[in-house]
Amino acid sequence: MSFRGPKGTDDILPPESRRWRELLRSWDLLSEQYGYAYVATPLFESTDLFARGVGEATEVVEKQMYSFEDKAGRNLTLRPEITAGVLRAYIQAGLSGEFKGSYSGPCFRYERPQEGRRRQFWQLGVEYLGANHSEADLEVIELGYRYLLDCGLGEVVVHVNSIGDASDREAYHSRLADWLNERRHLLSDQAQRRIRSNPLRVLDSKADQEVVSEAPKPVDYLGKDGLEHYEQLLAGLTERGIAYRQAPRLVRGLDYYTRTVFEYIPPGYTAAQNAVGGGGRYDGLSRLLDGPELPGVGLALGLDRIISAAGSSPPARALDVFLVVADQNRRSLAHAFARRLRSAGVRCDLVAGYRSVRAQFKAADRRDAAAAVVIGDEWDDGMVTIKDLSSGYEQVIPAGEVAMWVVDGGAVPR
RNA sequence: GUGGCCGUAGCUCAGCUUGGUUAGAGCGCCUGGUUGUGGUCCAGGAGGUCGGGGGUUCGAAUCCCCUCGGUCACCCCA
């Protein structure tokens with residue numbers, strides 16, 4: 001036990017890794033169904049991109065970045081989130097107009113690990129660029145919601161809020177800062193410091209909930225357009241049958257959000273980090289990154305959190321058949337047979353080298369195969385013995401029918 | 001970055017309070033019973049610098065100090 005994985009990282013091993021693959025696959029499928037095309041951006045970007053995009057005053061940028069200098073002295077950072085990189089890619093490619101991108105991959109934040117919070121974690125997300133209308137927000141929220149339901153998370157509730165656009169926020173910011181200043185003595189040290197740097201963020205400080213529960217709310221300072229956008233959003237959520245709750249003090253810790261912000265809260269997930277995903281609108285982000293005027297709305301889901309919130313599900317079989325070589329002279333023949341089965345789409349494996357028949361059956365069981373197929377004397381008549389490893393029932397069938405047996409779902413007729 | 005709890009076999013843990021033979025159990029793993037039958041059963045086996053370092057002592061898994069790691073929470077977010 002000399003080497004361990006770095007602090008806050010996890011190895012994804014079977015059988016759990018099967019669940020990971022499944023969830024990644026269904027994410028690709030679902031986001032494609034909604035018209036999002038796969039995008040991949042680098043795992044590291046220039047440090048400035050995140051400092052500017054995510055916001056200098058955010059927790060993420062202040063202390064959670066995995067930053068390093070490369071051999072040419074460039075300042076780079078392992079991505080703490082993916083939105084900034086996707087925007088950068090869009091701008092760099094000189095794209096214009098609407099763009100719908102979907103992604104999945106690891107992100108990195110340097111923090112003390114705890115349940116639901118790792119230094120390397122896996123995000124799934126989409127970005128809908130170039131769309132102003134609340135229907136875009138709704139589509140993104142619906143996509144994430146449906147995905148979480150498909151994952152078996154049960155009665156997920158979407159917490160939503162609107163924090164207004166740039167002009168709404170100007171009015172609100174100073175009003176909130178004044179209000180907080182009047183109650184300065186009641187606030188935690190950190191909250192006091194934030195009154196200047198980022199008053200919005202005081203709203204979701206756990207330590208200051210009591211004081212802050214009476215504070216003016218962002219929704220009460222929305223302009224005409226912002227209010228209309230928010231009302232359309234709420235009406236749309238109802239219309240689409242999405243369970244939601246207004247969360248007037250939800251602000252989220254990334255500075256680029258405007259108007260809509262939301263989080264997905266699954267039932268019965270009691271970890272302190274209980275949101276399995278979230279997102280919002282970021283109409284000013286493109287300009288911040290020297291891009292064109294470009295509205296956008298996006299969503300990020302934490303795959304690690306989804307999996308621990310979903311609990312364990314009955315694992316599917318890992319293999320369809322495991323070959324048991326009864327006669328050692330038929331080993332190369334067995335390997336050839338395995339190649340044929342694999343080409344036919346059968347998940348098939350066998351041990352390497354000599355093992356007793358008994359040991360091979362043990363291996364078949366341990367590898368979680370649905371059936372064992374014995375290759376022995378019966379091969380001379382073109383036959384194999386196939387045994388259903390759940391029921392124990394076995395029979396001799398033509399070797400050519402093994403693939404069909406698998407397609408039929410592995411049920412051996414009695 | 002701050003705080004609580006925990007480090008003994010691959011895993012889950014007992015032993016520590018009150019220092020004293022060779023440090024244990026269950027599960028897992030390997031071999032055999034059965035070189036054509038697994039998941040059950042029986043027999044045998046491998047596997048430990050008691051997280052690391054220092055100290056106290058005739059003697060430390062056990063007491064003291066330091067350190068590293070894990071975990072949960074704060075902060076914040078996926």
Side-chain angles (χ1 to χ4, degrees), chain A residues 1-8 54-55 57-64 79-83 104-125 144 148 188-191 193-194 198 201-202 204-208 250-254 257 261 263-266 269-279 298-309 322 324-328 330 354-379 384-394 396:
Chain A
M1 107 136 163
S2 44
F3 285 109
R4 296 189 58 96
K7 192 185 184 79
V54 174
T58 61
E59 195 84 3
V60 169
V61 169
E62 273 176 1
K63 50 179 233 197
Q64 299 180 350
R79 64 185 185 192
E81 56 99 59
I82 301 183
T83 303
S104 58
C107 295
F108 309 84
R109 289 181 200 171
Y110 189 89
E111 346 173 52
R112 285 276 279 269
Q114 69 187 70
E115 161 121 48
R117 203 177 65 181
R118 320 261 65 200
R119 289 186 170 183
Q120 175 173 335
F121 56 99
W122 206 278
Q123 273 198 356
L124 316 177
L148 294 172
S188 64
D189 290 354
Q190 193 170 38
R193 263 179 276 123
R194 287 216 173 106
N198 203 336
R201 296 264 308 291
V202 178
D204 71 348
S205 160
K206 278 186 197 175
D208 301 290
L250 174 64
V251 297
R252 302 180 56 75
L254 275 42
Y257 287 119
V261 294
E263 284 183 353
Y264 299 98
I265 309 294
Y269 184 41
T270 54
Q273 315 302 326
N274 66 341
V276 294
L299 147 76
L301 301 168
L303 185 54
D304 316 64
R305 287 187 186 175
I306 290 170
I307 284 172
S308 52
F322 200 90
V324 172
V325 188
D327 172 355
Q328 292 304 311
R330 298 181 202 271
Y354 167 79
R355 307 296 308 275
S356 68
V357 168
R358 174 183 156 79
Q360 292 183 72
F361 265 92
K362 253 173 139 63
D365 193 56
R366 209 173 38 238
R367 292 289 303 282
D368 196 28
V373 168
V374 182
I375 304 203
D377 295 339
E378 59 271 54
W379 183 269
V384 296
T385 302
I386 189 164
K387 177 171 185 173
D388 182 307
L389 288 174
S390 311
S391 65
Y393 180 79
E394 82 178 37
V396 179

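Below, each value reflects all heavy atoms present in this structure, side chains not excepted, and no hydrogens, waters or symmetry copies.
Using a 4.0 Å cut-off between charged nitrogen and carboxylate oxygen, E111(A) and K63(A) do not count as a salt-bridge pair. Using a 4.0 Å cut-off between a side-chain N of Lys or Arg and a carboxylate O of Asp or Glu, R201(A) and D208(A) do not qualify as a salt bridge. D327(A) has a carboxylate O that lies under 4.0 Å from a charged side-chain N of R330(A), or vice versa, which qualifies the two as a salt bridge.
In the set G39(B), C29(B), C76(B), C29(B) carries the atom at the smallest distance from any side-chain atom of R366(A).
G48(B) sits 25 Å from U57(B) when the C1' atoms are compared, rounded to a whole Å. Here the separation of A60(B) from G3(B), taken at their C1' atoms, is 30 Å to the nearest Å. As rounded to the nearest Å, C64(B) and U17(B) have P atoms that lie 10 Å from one another. Spacing between G7(B) and G52(B) at atom P, rounded to whole Å, works out to 14 Å. To the nearest whole angstrom, the two P atoms, one in A61(B) and one in C16(B), are 14 Å apart.
Taking only distance into account, the side chain of T385(A) meets the base of G36(B) through a donor-acceptor pair shorter than 3.5 Å. Between the side chain of Q120(A) and the base of A78(B) there is no donor-acceptor pair of N/O atoms closer than 3.5 Å. The base of G39(B) lies outside donor-acceptor range of the side chain of D365(A), with no N or O pair under 3.5 Å. Side-chain N/O atoms of E59(A) and base N/O atoms of G1(B) include no donor-acceptor pair closer than 3.5 Å.
Taking 4.0 angstrom as the limit, R358(A) places a side-chain polar atom (N or O) nearer than this to OP1 or OP2 of G38(B). Side-chain N/O atoms of R355(A) include none lying less than 4.0 angstrom from OP1 or OP2 on G38(B). For G39(B), one of the phosphate oxygens OP1 or OP2 lies less than 4.0 angstrom from a side-chain nitrogen or oxygen of K362(A).
When heavy atoms are screened at a 4.0 angstrom cut-off, L254(A) is found touching the sugar-phosphate backbone but no base atom. Here T58(A) lies out of heavy-atom contact (under 4.0 Å) with every strand.
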query = Tell me, for nucleotides 67-74 of chain B in 5' to 3' order, what letter each nucleotide earns: B for a base near a protein heavy atom under 4.0 Å, S for only sugar-phosphate near one, - for neither?
reply = ---SSBBB

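Contact detail for Y264(A) and G144(A): the closest heavy-atom pair is OH-CA, 3.5 Å. Listed here is the closest heavy atom pair of L124(A) and S104(A): CD2-CB, 3.5 Å. The minimum heavy-atom distance between G105(A) and I82(A), with the atom names listed, is O-CD1, 4.2 Å. Here the shortest heavy-atom pairing between V202(A) and A191(A) reads CG2-O, 3.6 Å.
Atom CG of L250(A) is separated from atom P of C76(B) by 13 Å (rounded to the nearest Å). In this entry the distance linking CG of D368(A) with P of G28(B) reads 16 Å, nearest Å. Atom-to-atom, CG of L148(A) to P of A78(B) comes out at 14 Å; the value is rounded to the nearest Å. In this entry the distance linking CZ of F121(A) with P of A78(B) reads 7 Å, nearest Å. A straight line from OH of Y354(A) to P of U31(B) spans 11 Å, rounded to a whole angstrom. Here the P atom of nucleotide A78(B) and the CG atom of L299(A) are 10 Å apart, to the nearest Å. Counting to the nearest Å, the C1' atom of G36(B) and the CG atom of D377(A) are 9 Å from each other. When rounded to the nearest whole Å, the span between CD of E394(A) and P of U37(B) equals 10 Å.
Judged by the 6.0 Å and 45° rule, R119(A) forms a cation-pi pair with Y110(A).
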